[in-house]
Amino acid sequence: MITITTMRRRPVARLSSTLALPMLVAASLSVAAPASAEVLARWTQYVAGGGAEARAVVTDAACPEATVDGVAIAMTERAAPADGFPERVCALALGEGATSVTVAGVVVPAPAKTIGRVVIVGDTGCRVAPNWAQACDDPTKWVFATVAAAAAAEKPDLIIHVGDYIYRERPCPTLIQPGCAGTPSGDNFPTWAADFFTPAAPLLAAAPMIVVRGNHEICSRAGVGYSRHLSPDAFDPAMPCPQKDPTYTVVIDGQSFAVLDTSFPPDARVDPAMAAILRQELEAIGTAAATAPTMLLTHKPAWAITRGAHDRVYGSSQTYAAAAGDSLPRALQVAISGHIHLFESLTFTNGGPGQLVVGNSGTMLERPTPSDLSGMQAAGRTIADGLEIHEFGFMVMERTTDGWTGRVLDETAALLATCTVVPGPLACRLAP
């Protein structure tokens, strides 16, 4: 495990280094759990301090016990109950080498020792705004549960979520969209359960996660719930929502994933101070990428294409693009992001790593642009080869002897496109 930046504030229980590195704790939850069901959610994610943590959300007054290779260990409290969050969040830091794990008596899969298949999802929540909304109760309109089940069936070794978990920020406008009537809203556990933990259950049971913070998880939106449950850093009740996550790198089976928080900078203008922070962190990532194969994970892409009001086509995000200059670090294999509610694959005429955008896993899709984006401009860069897919779905990357290939699938796992990710220029082509 390589850590570029470490900002851990408070330790959690840690196993010896002979125990598991990436530990999957199977998701098992019910929003309206019976009295005997103390654990509302279970999962494992990589963290900024190094290694992985098993996490659990419980209603009990104490954290549950985990058993790792026959050794019983109590999980420790990560976040105590608070207003809007009556549940307790627990964590257990995992070392390397475990082969069997239980949490509260539930057997969960042992961690994979190699990484050959990666599932990528992003922008998964059900969109609810004051004047329009998705039909959250209709699985054909809000498809994240279907996506999660199909993605879990791919049997991944790793799950990457590129951010934006919560979209139910306002009460349902029932006169406009009765299909979201009764849904919870705001930054609280019922919303987190409805928008993420419940539909994501089969996916969380399939593999450990790398979590990327989205702009819907900034402090003025769903930032407290994100910090309690999913932040890669320790939770500090005195500062329950830091503005920015630490930058860190996860290494699995020789493949590095650098995680950069781009949730906080503005898209429509350049913030010089924020651009300077991102520039410094990109330089550190680029230096590390020169010595190990590295993919960059962010929520916002520096350059992408979306269609706004009055058919205006524009790129995203200006602050991040200013930090990157004319390219992301050229030693990177590829950049993977969300934020734009479509699938996109982009390479640029002046070189540098290609950009994948996987923001089509549940929330309301953007207005479509042409499927062939080649020759278009994205924040000052010319697209050499670009594909857009205006369909719900997710991406699966497969490791080969010399790089990675990809499949773009719809919510039922039907093939939409195939990709060459690395080596060579990123290229995705529609399935025949």
Side-chain angles (χ1 to χ4, degrees), residues 1 21-24 27 43-48 52-53 55 111-112 114-125 144 147-148 150-165 196 200 202-214 216-217 226 230-232 245 247-263 285 289 293-301 332-341 343-345 353-363 393-399 404-409 419 421-422 426 428:
M1 180 65 59
L21 169 64
M23 177 58 55
L24 166 67
W43 72 98
T44 286
Q45 65 180 81
Y46 292 92
V47 294
E53 285 182 5
R55 295 188 181 176
T114 60
I115 179 170
R117 181 173 295 167
V118 178
V119 157
I120 307 167
V121 297
D123 297 84
T124 53
F144 179 42
V147 166
E154 292 290 322
K155 300 187 183 304
D157 302 308
L158 175 70
I159 299 156
I160 296 172
H161 194 306
V162 291
D164 279 4
Y165 310 82
F196 181 66
L203 190 57
L204 299 181
M209 287 196 302
I210 296 178
V211 168
V212 180
R213 186 178 186 174
H216 280 253
E217 288 77 55
Y226 169 83
L230 295 180
S231 170
D245 281 355
T247 298
Y248 65 105
T249 297
V250 175
V251 182
I252 309 171
D253 191 21
Q255 175 65 53
S256 296
F257 301 89
V259 185
L260 175 64
D261 182 5
T262 57
S263 65
I285 290 170
T294 303
M295 298 182 185
L296 176 64
L297 309 181
T298 69
H299 176 63
K300 295 179 180 179
L332 291 168
Q333 296 171 298
V334 68
I336 304 173
S337 308
H339 193 50
I340 307 300
H341 304 160
F343 173 84
E344 290 185 354
S345 168
Q355 172 74 64
L356 289 168
V357 177
V358 188
N360 60 331
S361 300
T363 202
F394 61 102
M395 186 174 188
V396 178
M397 293 200 313
E398 306 270 3
R399 202 171 192 178
W404 292 83
T405 61
R407 291 177 286 129
V408 184
L409 307 176
C419 304
V421 182
V422 287
L426 173 68
C428 293

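Heavy-atom basis, side chains included; hydrogens, waters and symmetry copies ignored. In this text, all values refer to a predicted model and were calculated from it rather than measured experimentally.
In this structure, CZ in R407 is found 13.0 Å from SG in C428, a value given to the nearest 0.5 Å. Taking CG from L426 and CD from Q355, the interatomic distance works out to 9.0 Å, rounded to the nearest 0.5 Å. Within the model, atoms CD of Q45 and OG of S231 stand 7.5 Å from one another, a figure rounded to the nearest 0.5 Å. Expressed to the nearest 0.5 Å, how far OG1 of T363 lies from CG of D164 amounts to 8.0 Å. The CE atom of M209 lies 10.0 Å from the CG atom of L158; values are rounded to the nearest 0.5 Å.
A side-chain N or O of S337 and one of T298 form a donor-acceptor pair less than 3.5 Å apart. Using modelled atom types and a 3.5 Å distance limit, the side chains of D261 and Y248 yield no donor-acceptor pair. A donor and an acceptor atom, one from each side chain of W404 and Q333, are nowhere located under 3.5 Å apart.
Taking a cutoff of 4.0 Å between a charged side-chain nitrogen and a carboxylate oxygen, D157 and R399 do not qualify as a salt bridge.
Shown here are the ring-ring contact (aromatic ring centres under 6.0 Å, His included) partners of Y165, two or more places apart in sequence or in another chain: H161, F196. With sequence neighbours left out, the side chain to side chain contact (heavy atoms under 4.5 Å, CB included) criterion links N360 to F343, V358, L365. Scored by the side chain to side chain contact (heavy atoms under 4.5 Å, CB included) test, V119 finds V121, A151, E154, P156, L203, F394, V396 as partners (sequence neighbours excluded).
Of all heavy-atom pairs between S256 and T249, the closest is CB-CG2, 3.9 Å.
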